[in-house]
Protein chains: 2
Amino acid sequence: MVRIKDIAIEANVSEGTVDRVLHNRGGVSKKTEEKIKKILERRNFSINPVASALAMKNNHNLAVLIPEYNKTDSFWKLPYLGLLKGSEEVKNIGVNVTYFKFNQYSPESYVETFNNLIKTKPKAVVLVPMFIKETHLIVRELKKTETAYVFLNVDIEGVEGSVYVGQDSYMSGYIAGKLMKLSLPDGSGCGILKTSTSTGDNQAIAKRIQGFKDYYEGSPIESVLYELKVQSFGDRMNLASSVHQFLEEFPSIKGLFVPSSRISAVVDVLSEEQKKYLKLIGFDNTPENVACLKNNTVLFLISQKPFDQGYEAVRIVSNYLVKNKVLNDKLYLPIDILTKENVDYNDATQRMFENDLKQ
Amino acid sequence: MVRIKDIAIEANVSEGTVDRVLHNRGGVSKKTEEKIKKILERRNFSINPVASALAMKNNHNLAVLIPEYNKTDSFWKLPYLGLLKGSEEVKNIGVNVTYFKFNQYSPESYVETFNNLIKTKPKAVVLVPMFIKETHLIVRELKKTETAYVFLNVDIEGVEGSVYVGQDSYMSGYIAGKLMKLSLPDGSGCGILKTSTSTGDNQAIAKRIQGFKDYYEGSPIESVLYELKVQSFGDRMNLASSVHQFLEEFPSIKGLFVPSSRISAVVDVLSEEQKKYLKLIGFDNTPENVACLKNNTVLFLISQKPFDQGYEAVRIVSNYLVKNKVLNDKLYLPIDILTKENVDYNDATQRMFENDLKQ
DNA sequence: TATAAAAACGTGTGCGCACACTATTTTTTG
DNA sequence: CAAAAAATAGTGTGCGCACACGTTTTTATA
């Protein structure tokens, strides 16, 4: 391992001079600069990143604003775990991550938590922009304080210069459409189950439906789509009667598309007979949904890779802080197609990390 | 950031004592040990890996033994890029990676390159065990010198205590079977195209075929599989005549499964008519194959995630060297289902890295 | 030529930790 | 109870680099 010191000795100068050359600090005569550069080249020198990181006392602080999770509503657990894993890694390069959690149903909680966050004067922020109006206020504040920020999982349109890490919702719906059409015999009908109330201002579900429909319309083979608007996936009785009535009314339906993460609730109200002949496609690798994959009631799940979203978000922001790598405006994560057979492999990373945590 | 010094001050002891507790060096009284441990816990202390790496003068050297690649046969480029990306990251924790490339068609080259490698006395080795017999010799040498090792991409059975990073070939074939059956009308036939000469002693392709067949046999709906053994995917004329004869002989065939990475060669010899009615499923996201996905001639590709394989291999070995994390025996990477629509998203990481390299 | 100003270069300290070495306290033994 | 031995605790140095500051050399100015 060649050190700065070695270069300095060979060039008959001090370490400081080599340092100045390495960092283009100026104050070195043309002649010695050339001499040093040649030696650097010849000895194939590269800065020891470990020592460099230590000396620079990199203490970038990064704040995360994310919905809290609990047993009944565990969606935000996986992004959180991914963020944690990312945080652990970027410690190596001197980045410190702090978490601020808000109630995903309350805009007030969102804003209040952000106010607490901004008091800590972070260098950058990763946030889930659940509410459009409030997010515009927040972004204004972030710009004023020149704090870098990245949207996680939820994208808000019309925010200039914003960076997004998450899924391309439209395309994921489009792919769901392709898989559905592939799985159904020609001429079959297909139902789309949506809910009237959707959390926050998130428009992901609408985009998925749009993608799904667009694939169907663009496809050469004729087939019909039917839509059912259910009140809530939480109300089991109500859901059951709606779905059964829907399926009776349109007996050509051989497939159901559930563009939210609640397809397991739908499975829950189907008869054994219906589970057999219906092809089901849904979203998100929640434990309940994965169970449905495994018992063959659900054919495909499209995964948002929530764990990876958190992980990548922390990493790209850290690389921006530490290495000045540019923040691209969109980082679309892979659109994972999950089946009974591959789901365990595709979840392996996050499972390994969870196991590590327990120890 | 809590430092050892902070802990020492709070516990009213010296840094040396805290150090002894942290590393179980002994020589600390029960009482102070308990006191310090409590404080460590409460302050949520963790060793600063950067400073630690520097102080330990961590110069773990890691050697990689991998086939070389060129324009015509670029498969090994992606694992290599993944290894490079991993190498860059683990620099931060004091791991130095060196590459040794061999000719994938020559066992002699394999062994000779290894001999050069082992002279550098690496602490651990990542290798692609292309040849069974030679690998046994290599493993014996590695065990003798107590060098940790990890198999990349290719798994050799019957090597005790070996660690593998790659795909579960059987399951990937199984999933291909599922997708194929889903895509074909009931009662259609399906062809499997294999080659008689396969590189090295790699049995991945055989396992994929086995998985594919097993799905077909386990599936309730009746359908027939036909196999065609072609001489070589490189010989275009020969391939063309074999395939055409095959398809004429078995007109019920509506789908082709190509368990190697050369499905683009098959597309190349099909007529426009055949491209229309045949459903094609193959392996690996080579540029040629991806092009076939995009022009709708290939329906699905199963990706081995070669880039990720390299990346993960370097990381797990480094974590073993630096943090003493155990090496699990198998690290099966996600089985990615690629379609025209999602392929760009799923390749994004490696593309980003390639762009970074060019700058 | 003397002197100030600017350019070029050298020196020293600290980042947080690992580890060897030295100093102190406690326990054992005759 | 004193001396020796053992257990426990403190101190100091260096890892390779970044950066502030001090020193010497060169160039510009009167």
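Proteins come first, then strands; the chains are lettered A, B, ... in the order of their sequence lines, and each starts at number 1.
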**Item:** Any residue meeting side chain to side chain contact (heavy atoms under 4.5 Å, CB included) with Lys330(A), in chain and number order, not counting sequence neighbours
**Value:**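 So Lys330(A) forms a side chain to side chain contact (heavy atoms under 4.5 Å, CB included) with Asp155(A), Tyr164(A), Tyr332(A).
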Nearest-Å distance, [atom1] ([X]) to [atom2] ([N])?
X: Glu15(B); N: dT22(C); atom1: CD; atom2: C1'; value: 16 Å
X: Lys57(B); N: dA20(C); atom1: NZ; atom2: P; value: 16 Å
X: Met56(A); N: dC15(D); atom1: CE; atom2: P; value: 20 Å
X: Arg3(A); N: dA18(D); atom1: CZ; atom2: P; value: 14 Å
X: Ile7(A); N: dG10(C); atom1: CD1; atom2: P; value: 15 Å
X: Ile4(A); N: dC15(D); atom1: CD1; atom2: C1'; value: 13 Å
X: Leu54(B); N: dC15(C); atom1: CG; atom2: C1'; value: 9 Å
X: Asn96(B); N: dC15(D); atom1: CG; atom2: P; value: 18 Å

May I ask you to decide if [Y]'s main-chain N or O and [X]'s side chain share a donor-acceptor pair within less than 3.5 Å?
X: Asp6(B); Y: Arg3(B); value: yes
X: Lys91(B); Y: Asn96(B); value: no
X: Ser52(B); Y: Asn48(B); value: no

**Message:** Does any part of the side chain of Phe114(B), heavy atoms only, come nearer than 4.5 Å to the side chain of Glu141(B), both counted from C-beta?
**Reply:** yes
**Item:** Sub-4.5 Å side-chain heavy-atom contact between Gln104(B) and Tyr110(B)
**Value:** no
**Message:** From C-beta outward on Ala55(A), which listed nucleotide comes closest to its side chain: dG16(D), dC19(D), dA18(C)?
**Reply:** dG16(D)
**Request:** Give the nucleotide from the list dT11(C), dA18(D), dG16(C) with an atom nearest to the side chain of Ala51(B).
**Result:**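 Of all the options, the side chain of Ala51(B) is nearest to dG16(C).
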**Message:** Give the residues of residues 16-39 of chain B touching DNA chain C, defined as any heavy atom closer than 4.0 Å, sorted by residue number.
**Reply:**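 Asp19(B), His23(B), Arg25(B), in order of number.
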**Message:** Looking at every heavy atom in both Leu78(A) and Gln350(A), which two are closest together, and how far apart are they?
**Reply:** CD2-NE2, 3.4 Å
**Prompt:** Think Ser52(B) has a side-chain N or O under 4.0 angstrom from the OP1 or OP2 of dA18(C)?
**Reply:**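 Ser52(B) to dA18(C) OP1/OP2: side-chain N or O found under 4.0 Å.
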**Message:** Assuming nearest nucleotide by heavy-atom distance, tell me which of Asn12(B) and Lys5(A) is located more 5' along DNA chain D.
**Reply:**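 Of the two residues, Asn12(B) wins.
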**Message:** Students often get this wrong, so: under 4.0 angstrom with heavy atoms, is Val13(A) touching a base, only sugar-phosphate, or nothing?
**Reply:** sugar-phosphate
